Amino acid sequence: MSDSQYSKIIRDGLWDNNVAFVQILGLCPLLAVSSTAINGLGLGLATTLVLLTSNATISLVRNWVRAEIRIPVFVIIIASFVTAIELAMNAWFHQLYLVLGIFIPLIVTNCSILGRAEAFASRNPLGPSIIDGLMMGIGFTLPLVLLGALREVAGFGTLFADAELMFGEGASWMTQQLFEFDQGLLLAILPPGAFIGLGLLIAAKNGIDAALAQSNRTASASSSPLTERG
């Protein structure tokens with residue numbers, strides 16, 4: 001696979017075909033867990049690990065799995081890695097595990113993970129599949145953290161609250177009190193606030209894409225032969 005093809009995989013995962021902003025997949029945990037930036041980061045990293053390991057495994061076994069039973073096999077592989085990560089999180093990040101709750105095992109049902117297994121890992125060799133899983137995972141984590149940060153700042157006036165749940169007691173300095181609220185914006189920390197916040201982020205992404213496209217058209221028109229002769 002050429003460098004340009006690897007670059008396309010990276011662009012697709014992070015921006016052009018982003019799971020949350022473009023594919024609009026896996027929104028249940030994204031909207032439910034993103035009440036704070038740390039919650040979003042925890043679930044995003046767990047999802048990234050599942051994407052990375054399941055993509056790699058499915059790519060390795062793809063030539064030995066018959067087409068008729070590929071989906072059940074893919075689901076078993078994904079569920080195995082989710083279980084392993086759930087047990088590891090319970091052991092080493094127990095408080096964060098309690099906060100994220102049912103949404104960790106529900107990673108098995110995340111449409112984006114099975115979608116990447118079927119659309120990419122089952123048709124490509126190991127290297128590109130690993131890159132695809134990693135970039136799609138990071139592309140899913142970034143909206144989780146951004147949305148969590150927006151809701152946390154508007155609802156609680158803090159940023160990276162409870163960072164010690166993930167990084168230990170030494171990380172309590174990461175919690176920043178940006179505003180002193182008697183009562184924060186309640187809507188931001190309720191589920192409707194998650195929908196509104198995600199809508200704003202998608203609108204911002206589409207606005208950036210439109211501005212970049214317009215800039216490219218302007219640059220292309222200014223450098224065309226007809227324009228130069230005119």
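Being a predicted model, the structure only gives us computed values, none of them experimental.
Of the possible donor and acceptor atoms, one in the side chain of Asn216 sits under 3.5 Å from a partner among the backbone N and O of Leu212. In this structure, Arg151 contributes its side chain and Gly148 its backbone to no donor-acceptor pair below 3.5 Å. Between the side chain of Glu152 and the backbone N or O of Ala161 there is at least one donor-acceptor pair closer than 3.5 Å. Put simply, the side chain of Asn18 gets close to the backbone of Phe21: a donor and an acceptor are under 3.5 Å apart. Under the 3.5 Å distance criterion, the side-chain polar atoms of Asn17 are left unmatched by any main-chain donor or acceptor of Gly13. Using a distance-only test at 3.5 Å, with no hydrogens or angles considered, a donor-acceptor pair links the side chain of Gln177 to the main chain of Phe179. Remark: side-chain polar atoms of Thr57 are not paired, donor with acceptor, to backbone N or O of Ser54 under 3.5 angstrom. Remark: the backbone N or O of Gln176 is not paired with any side-chain donor or acceptor of Thr158 at under 3.5 angstrom.
No side-chain heavy atom of Met166 sits less than 4.5 Å from a side-chain heavy atom of Gln95. No side-chain heavy atom of Phe81 sits less than 4.5 Å from a side-chain heavy atom of Leu49. You'll find the side chain of Thr47 stays beyond 4.5 Å of the side chain of Thr141, heavy atoms only. With a 4.5 Å cut-off on side-chain heavy atoms, Thr83 and Leu87 count as touching. For the pair Asn39 and Phe103, the minimum side-chain heavy-atom distance is 4.5 Å or more. Counting heavy atoms from C-beta outward, Asn124 and Ser59 have side chains that stay 4.5 Å or more apart. Residues Phe195 and Leu31 form a side-chain contact, since some pair of their non-hydrogen atoms from C-beta on lies under 4.5 Å apart. Looking at heavy atoms from C-beta onward, Val50 lies in side-chain contact with Ile78 at the 4.5 angstrom threshold.
Side-chain atoms of Glu164 and Ser172 include no donor-acceptor pair closer than 3.5 Å. In the model, Asn55 has a side-chain atom that pairs as donor or acceptor with a side-chain atom of Asp132 under 3.5 Å.
The CD1 atom of Ile24 lies 4.0 Å from the CD1 atom of Ile202; values are rounded to the nearest 0.5 Å. Note that the CE atom of Met136 and the CG atom of Leu25 stand 9.5 Å from one another [nearest 0.5 Å]. For the atom pair CD1 (Ile113) and CD (Glu118), the distance works out to 15.0 Å, reported to the nearest 0.5 Å. Note that the CG atom of Leu14 and the CZ atom of Phe140 stand 14.5 Å from one another [nearest 0.5 Å]. Here the CD1 atom belonging to Ile58 is positioned 9.0 Å from the OG1 atom belonging to Thr53, to the nearest 0.5 angstrom.
Follow the hydrophobic side-chain contacts under 4.5 Å out from Trp173 and you reach Phe167 in the same cluster. Hydrophobic clustering (side-chain heavy atoms under 4.5 Å, transitive across Ile, Leu, Val, Met, Phe, Trp, Tyr) keeps Val99 apart from Leu190. Cluster annotation: Ile208 is not connected to Ile138 through the hydrophobic network of ILVMFWY side chains, with a link wherever side-chain heavy atoms come within less than 4.5 Å. Note on Leu114: it clusters hydrophobically with Val73, by side-chain heavy-atom contacts below 4.5 Å among ILVMFWY residues. Two different hydrophobic clusters hold Phe156 and Leu41 under the rule that ILVMFWY side chains link at heavy-atom gaps under 4.5 Å.
Nearest approach of Pro192 to Leu187, heavy atoms of both residues: CB-CD1, 3.8 Å. Of all heavy-atom pairs spanning Met135 and Ile9, the tightest one is CB-O, 4.2 Å. The nearest pair of heavy atoms linking Leu51 to Arg116 is CD2-CG, 4.0 Å. The heavy-atom pair separating Pro125 from Pro128 by the smallest distance is O-CD, 3.5 Å. Taking both residues in full, the closest heavy atoms of Leu100 and Gly42 are given as CD1-C, 4.1 Å, listed atom of the first, atom of the second, then distance.
If you run side chain to side chain contact (heavy atoms under 4.5 Å, CB included) between Leu150 and each of Leu200, Leu201, Ile196, only Leu201 comes through.
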Derivation of the side chain to side chain contact (heavy atoms under 4.5 Å, CB included) call for Val61 and Ile77: CA-CA 10 Å; Val61 304; Ile77 291 171; 4.2 Å; yes
